[in-house]
Amino acid sequence: MKVVSWNINSLRKRQDRLFPWLEATKPDVVCLQETKCTDEQFPVLALQAAGYHAVYHGEKSYNGVAILSKSAPVDVVISLGDKEPDSQTRAIAATIDGIRVYSVYVPNGQAIGSAAYQYKLRWLARLRDRLALEKTADTIVAGDFNVAPGDIDVHDPDLWRGAIMCSDEERAAVKCIADLGFSDTLRQLHPDARLFSWWDYRMLAFPKDRGLRIDLILAGGDLMNRWSGAGVDREMRKGKDPSDHAPIWAEFNR
DNA sequence: ATGGCATAATTGTTATGA
């Protein structure tokens, strides 16, 4: 089973990329973030015609998450399902082929110490609490974490030291989730590789490979012993009108 | 010290991203 996570940065703007890519790569599950469209705007019928089920949780202009799948999704939960108010559409979960799948868009955090930063840390703590309650052992948490887990995930660690997405607090919050029993699939398979998933649109960052690895596919339960591959689909960051993120993927044996 | 570039809301400019 091939699982992909992609911050698409506007689904409507990226449809001409999405559909040929689905046809060419045929992933079993696609977790999308920053769909930037309401549920009414979601292209359900076009996806159906392409052979994909879809569950989605979106809003106007910002945020928005979705899960596309070849098999039918069941037990869909939107948001983090806790008692705190959720004004932003940043999480959705569904069970697909017996595997619990989360698509998450962790808040950006803007600047260290800002209100947005506190919201980000709180959101990661809430995600951890949610995952701790998860009954299904075979769980995948895929998405844009807006945190580079280690210095190896940063093109220039000294430049980024202590900056947003690289602070000790943010990294500790992500480690806290991993410590529930999740493995960072890509890093596990490629412990020393310089692999990024996001490159700034400015300053020729992509051609210079000045990126960060902030998109993750975390796998728990028996899945940890079943993966057969993981990587970054760099081709999708090339060409006209790309998202600033490339899709990342992980493959599991049945 | 800051912007660069991109997107969505709108039509001149702002909010947000990472």
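- Of the possible polar contacts, none joining the A/Ser69 side chain to the A/Val29 backbone as a donor-acceptor pair under 3.5 Å is found.
- Annotation: B/dT2 and B/dA6 have their P atoms spaced 23 Å apart (nearest Å).
- Distance CD (A/Gln41) to P (B/dA9): 6 Å, rounded to an integer number of Å.
- A donor atom on one side chain and an acceptor atom on the other are found under 3.5 Å apart for A/Glu169 and A/Tyr117.
- Across the protein-nucleic acid pair, A/Arg171 atom CZ and B/dA18 atom P stand 17 Å apart, rounded to whole Å.
- Residue A/Asn7 places at least one side-chain N or O closer than 4.0 Å to OP1 or OP2 of B/dA18.
- At whole-Å resolution of the value, CG in A/Asn9 and P in B/dC5 are 16 Å apart.
- Taking only side-chain nitrogens and oxygens, A/Arg14 comes nearer than 4.0 Å to OP1 or OP2 of B/dT7.
- Rounded to whole Å, the separation between the P atoms of B/dA1 and B/dC5 comes to 22 Å.
- For A/Asp158 and A/Arg161, the salt-bridge test passes: some basic side-chain N is under 4.0 Å from an acidic carboxylate O.
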Review item, side-chain donor-acceptor pairs of residues 18-25 of chain A, under 3.5 Å, at least two apart:
from, atom 1, to, atom 2, distance (Å)
A/Trp21, NE1, A/Asp233, OD2, 2.9
A/Thr25, OG1, A/Trp21, O, 2.7

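- Within 4.0 Å of A/Asn146, counting heavy atoms only, lie sugar-phosphate atoms of the nucleic acid but no base atom.
- Atom CD in A/Gln15 sits about 14 Å away from atom P in B/dT7, given to the nearest Å.
- Residue-level contact check: A/Phe145 touches neither bases nor backbone, having no heavy atom under 4.0 Å from any strand.
- Nearest-nucleotide positions on DNA chain B place A/Pro242 closer to the 5' end than the other of A/Pro242 and A/Ala116.
- Of the two residues contacting DNA chain B, namely A/Leu11 and A/Ile164, the nearest-nucleotide position lying further toward the 5' end is that of A/Leu11.
- Applying the 4.0 Å criterion to OP1 and OP2 of B/dG17, one finds that A/His245 has every side-chain N and O outside that range.
- If you take OH of A/Tyr117 and P of B/dA18, they are 16 Å apart, rounded to a whole angstrom.
- Atoms NZ (A/Lys13) and C1' (B/dG17) sit 16 Å apart, rounded to a whole Å.
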Show me the protein contacts with nucleotides 14-16 of chain B, counting only N or O atoms at under 3.5 Å.
none

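- Side-chain contact of A/Ser197 with A/Asp215: a donor-acceptor pair under 3.5 Å is present, judged by distance alone.
- Under the 4.0 Å criterion applied to side-chain N and carboxylate O atoms, A/Asp184 and A/Arg213 are assigned as salt-bridge partners.
- B/dT7 and B/dA18 have their P atoms separated by 13 Å, given to the nearest Å.
- No salt bridge links A/Glu59 with A/Lys36; every basic N to acidic carboxylate O contact stays at or beyond 4.0 Å.
- Applying the salt bridge (Lys or Arg N to Asp or Glu O under 4.0 Å) test to residues at least two apart or on different chains, the pairs with a partner in residues 97-111 of chain A are A/Asp97-A/Arg254, A/Arg100-A/Glu134.
- Comparing B/dA9, B/dA18, B/dC5 against the side chain of A/Tyr201 picks out B/dC5 as the nearest.
- Phosphate proximity of B/dA9 to A/Ser61: present, with a side-chain N or O under 4.0 Å from OP1 or OP2.
- Here B/dA18 presents its P atom at 13 Å from CZ of A/Arg237, a figure rounded to the nearest Å.
- A/Leu216 has its CG atom 13 Å from the P atom of B/dA18, to the nearest Å.
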